[in-house]
K.L.:
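Submitted below is the structure of interest, expressed as structure tokens.
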Number of protein chains: 2
Amino acid sequence: MVNSLYRENELLKITRKVEYALIALRHMQAKDPKGLTSAKEIAIHYRIPKQLLAKILQQMSRDNIVEAVQGPAGGYRIRANLGEISLKDFFERLEGPLGMMDCFFESDCIQINACNIRVPIQRINDNMREMFSKMTLMEVTQ
Amino acid sequence: MVNSLYRENELLKITRKVEYALIALRHMQAKDPKGLTSAKEIAIHYRIPKQLLAKILQQMSRDNIVEAVQGPAGGYRIRANLGEISLKDFFERLEGPLGMMDCFFESDCIQINACNIRVPIQRINDNMREMFSKMTLMEVTQ
DNA sequence: AATAAATACGATTAAAATTGTCGTATTTAA
DNA sequence: TTAAATACGACAATTTTAATCGTATTTATT
């Protein structure tokens with residue numbers, strides 16, 4: 001969203017990557033779900049760095065969320081059924097595991113045995129993942 | 001938790017500050033809720049940088065979550081009723097606003113009018129805050 | 001009174017993660 | 001043939017996070 005300098009909130013935030021992806025999807029959906037939209041158009045409209053946005057659209061293309069058409073007059077269009085993709089899956093496809101802490105995914109924590117909050121944090125993570133499993137991309141883009 | 005190098009998950013994560021605070025609270029509660037525990041003891045036990053942990057405990061002291069006693073044989077003890085502090089309040093006291101994006105807290109986003117995902121993200125933020133409002137510190141530290 | 005061990009905290013530095021750019025290749029409509 | 005679009009790896013800049021430094025204060029112990 002191209003804030004002036006820095007973010008205000010630090011906790012449980014999403015990345016600009018996800019933010020730009022959501023903006024692009026919503027734009028495409030609102031404008032013309034069937035036709036093509038170029039990265040340039042979206043970048044200019046929302047003041048997002050074009051190359052960066054293009055990369056994100058390319059990644060979504062690899063993930064079959066959008067379809068890319070090359071050449072002049074090319075662009076992207078939504079390919080997937082957004083109502084069928086949970087926010088959890090979407091986030092994790094773009095950014096990897098979702099959770100408050102990572103000692104549950106990665107185990108190179110040098111004192112995993114001594115850690116005393118693993119179990120309760122695991123529980124919270126499960127709650128969060130469950131919450132985002134119940135919401136679909138459609139709820140953001142519609 | 002002193003992972004070897006870097007984190008695996010990028011989304012919706014908490015900071016080490018919060019992580020260390022939770023570890024400390026749980027340690028104090030499990031060990032001796034009435035007696036004093038020094039920052040040094042916790043730092044050594046969980047391999048957390050001592051000065052950093054001390055600062056976090058000091059902040060919790062200012063927030064009346066723990067009580068500090070100076071001098072040798074000094075330390076910290078839990079002061080608040082952990083069952084009465086929601087995780088939302090705890091997170092926000094330590095780190096500021098909680099949410100996926102900040103354009104709702106800060107309005108210096110240079111194109112807030114054009115932004116097309118404000119409303120849906122706001123909804124998700126509300127859901128998250130509600131979820132963490134329902135959980136208390138006790139659920140992590142008990 | 002002196003000492004030592006603890007908290008208190010602002011300032012600074014270091015490290016890591018995120019965000020953005022560059023350069024080049026490929027595709028394809030006009 | 002050209003121009004405008006996607007494709008993408010490598011790199012650079014920026015921002016954020018984590019850790020350290022230095023010094024002051026408090027207070028139990030000797």
Side-chain angles (χ1 to χ4, degrees), chain A residues 1-21 23-24 35-44 46-63 66-77 79 94-96 101-102 106, chain B residues 1-21 23-24 35-44 46-63 66-77 79 94-96 101-102 106:
Chain A
M1 201 92 50
V2 197
N3 275 312
S4 56
L5 278 173
Y6 53 85
R7 296 181 172 245
E8 281 298 306
N9 66 320
E10 326 195 9
L11 231 47
L12 305 170
K13 67 191 172 193
I14 57 175
T15 60
R16 294 230 187 268
K17 188 169 165 184
V18 168
E19 189 178 332
Y20 294 158
I23 288 175
L36 290 171
T37 308
S38 71
K40 187 181 177 187
E41 171 185 328
I42 298 172
I44 289 175
Y46 299 97
R47 302 194 205 179
I48 297 170
K50 191 182 104 177
Q51 298 242 51
L52 182 55
L53 177 64
K55 278 193 168 178
I56 294 167
L57 284 159
Q58 283 154 28
Q59 180 173 354
M60 287 200 283
S61 167
R62 287 191 296 271
D63 285 340
V66 301
E67 181 189 348
V69 174
Q70 285 198 326
Y76 303 89
R77 72 164 63 87
R79 166 178 238 162
L94 286 186
E95 297 281 15
M101 278 170 45
D102 51 355
E106 258 311 303
Chain B
M1 200 92 46
V2 197
N3 276 312
S4 55
L5 277 171
Y6 54 85
R7 296 181 171 246
E8 281 297 306
N9 65 319
E10 327 196 9
L11 233 47
L12 305 169
K13 67 192 170 192
I14 57 176
T15 59
R16 293 228 190 270
K17 188 169 166 184
V18 168
E19 189 178 332
Y20 295 158
I23 288 175
L36 291 171
T37 308
S38 71
K40 187 181 177 187
E41 171 185 328
I42 298 172
I44 290 175
Y46 299 97
R47 302 194 204 180
I48 296 170
K50 191 182 102 177
Q51 299 242 52
L52 182 55
L53 177 64
K55 280 195 163 175
I56 294 166
L57 284 159
Q58 285 154 27
Q59 179 171 356
M60 287 201 283
S61 167
R62 287 191 297 271
D63 285 341
V66 301
E67 182 190 347
V69 174
Q70 285 196 327
Y76 303 89
R77 72 164 64 86
R79 166 179 238 163
L94 286 186
E95 297 279 18
M101 278 170 47
D102 51 355
E106 258 311 303

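A, B, ... follow the sequence lines: proteins, then strands. Residue 1 opens every chain. Quantities reported herein were computed from a predicted structural model and do not represent experimental measurements. As a basis for the values below, the full set of heavy atoms in this structure was taken, side chains included, without hydrogen atoms, waters or symmetry mates.
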K.L.:
Assign a letter to each nucleotide of nucleotides 3-13 of chain C from its 5' end: B, base within under 4.0 Å of a protein heavy atom; S, sugar-phosphate only; -, no contact.
P.N.:
-BBSBBBBB--
K.L.:
Please enumerate all residues that pass side-chain hydrogen bond (donor to acceptor under 3.5 Å, both in side chains) together with B:Thr37, with sequence neighbours excluded.
P.N.:
B:Lys31
K.L.:
Hey, does the side chain of B:Tyr20 come within less than 4.0 Å of D:dA18's phosphate (OP1/OP2), counting only N and O?
P.N.:
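No, B:Tyr20 has no side-chain N/O under 4.0 Å of OP1/OP2 on D:dA18.
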K.L.:
For A:Ile56, check side chain to side chain contact (heavy atoms under 4.5 Å, CB included) against everything at least two apart and list the hits.
P.N.:
A:Lys17, A:Tyr20, A:Ala21, A:Leu52, A:Met60
K.L.:
Whole angstroms only, please: what is the CD1-P distance between B:Ile48 and D:dT20?
P.N.:
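Atom-to-atom, B:Ile48 to D:dT20, this comes out as 12 Å.
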K.L.:
If only side-chain N and O atoms count, and only distance matters, is there a donor-acceptor pair under 3.5 Å linking A:Thr15 with A:Glu95?
P.N.:
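There is such a pair between these side chains.
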K.L.:
Expressed as a whole number of angstroms, how long is the span from B:Leu52:CG to D:dC21:P?
P.N.:
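After rounding, the reported distance stands at 13 Å.
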K.L.:
Atom CZ of B:Arg47 to atom C1' of D:dA18: distance rounded to whole Å?
P.N.:
18 Å
K.L.:
To the nearest angstrom, how far is A:Arg16 atom CZ from D:dT15 atom C1'?
P.N.:
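Computing the A:Arg16:CZ to D:dT15:C1' distance gives 10 Å.
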K.L.:
Among residues at least two apart in sequence or on other chains, which ones pass side chain to side chain contact (heavy atoms under 4.5 Å, CB included) with A:Lys55?
P.N.:
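With sequence neighbours excluded, A:Lys55 shows a side chain to side chain contact (heavy atoms under 4.5 Å, CB included) to A:Gln58, given in chain and number order.
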K.L.:
Going by the rule side chain to side chain contact (heavy atoms under 4.5 Å, CB included), which residues pair with A:Leu36 if we only count those two or more places apart in sequence or in a different chain?
P.N.:
A:Val69, A:Arg77
K.L.:
Could you tell me the separation between the CG atom of A:Leu53 and the P atom of C:dT19, rounded to a whole number of Å?
P.N.:
14 Å
K.L.:
What residues form a side chain to side chain contact (heavy atoms under 4.5 Å, CB included) with A:Ala39, not counting sequence neighbours?
P.N.:
A:Ala54, A:Leu57, A:Tyr76
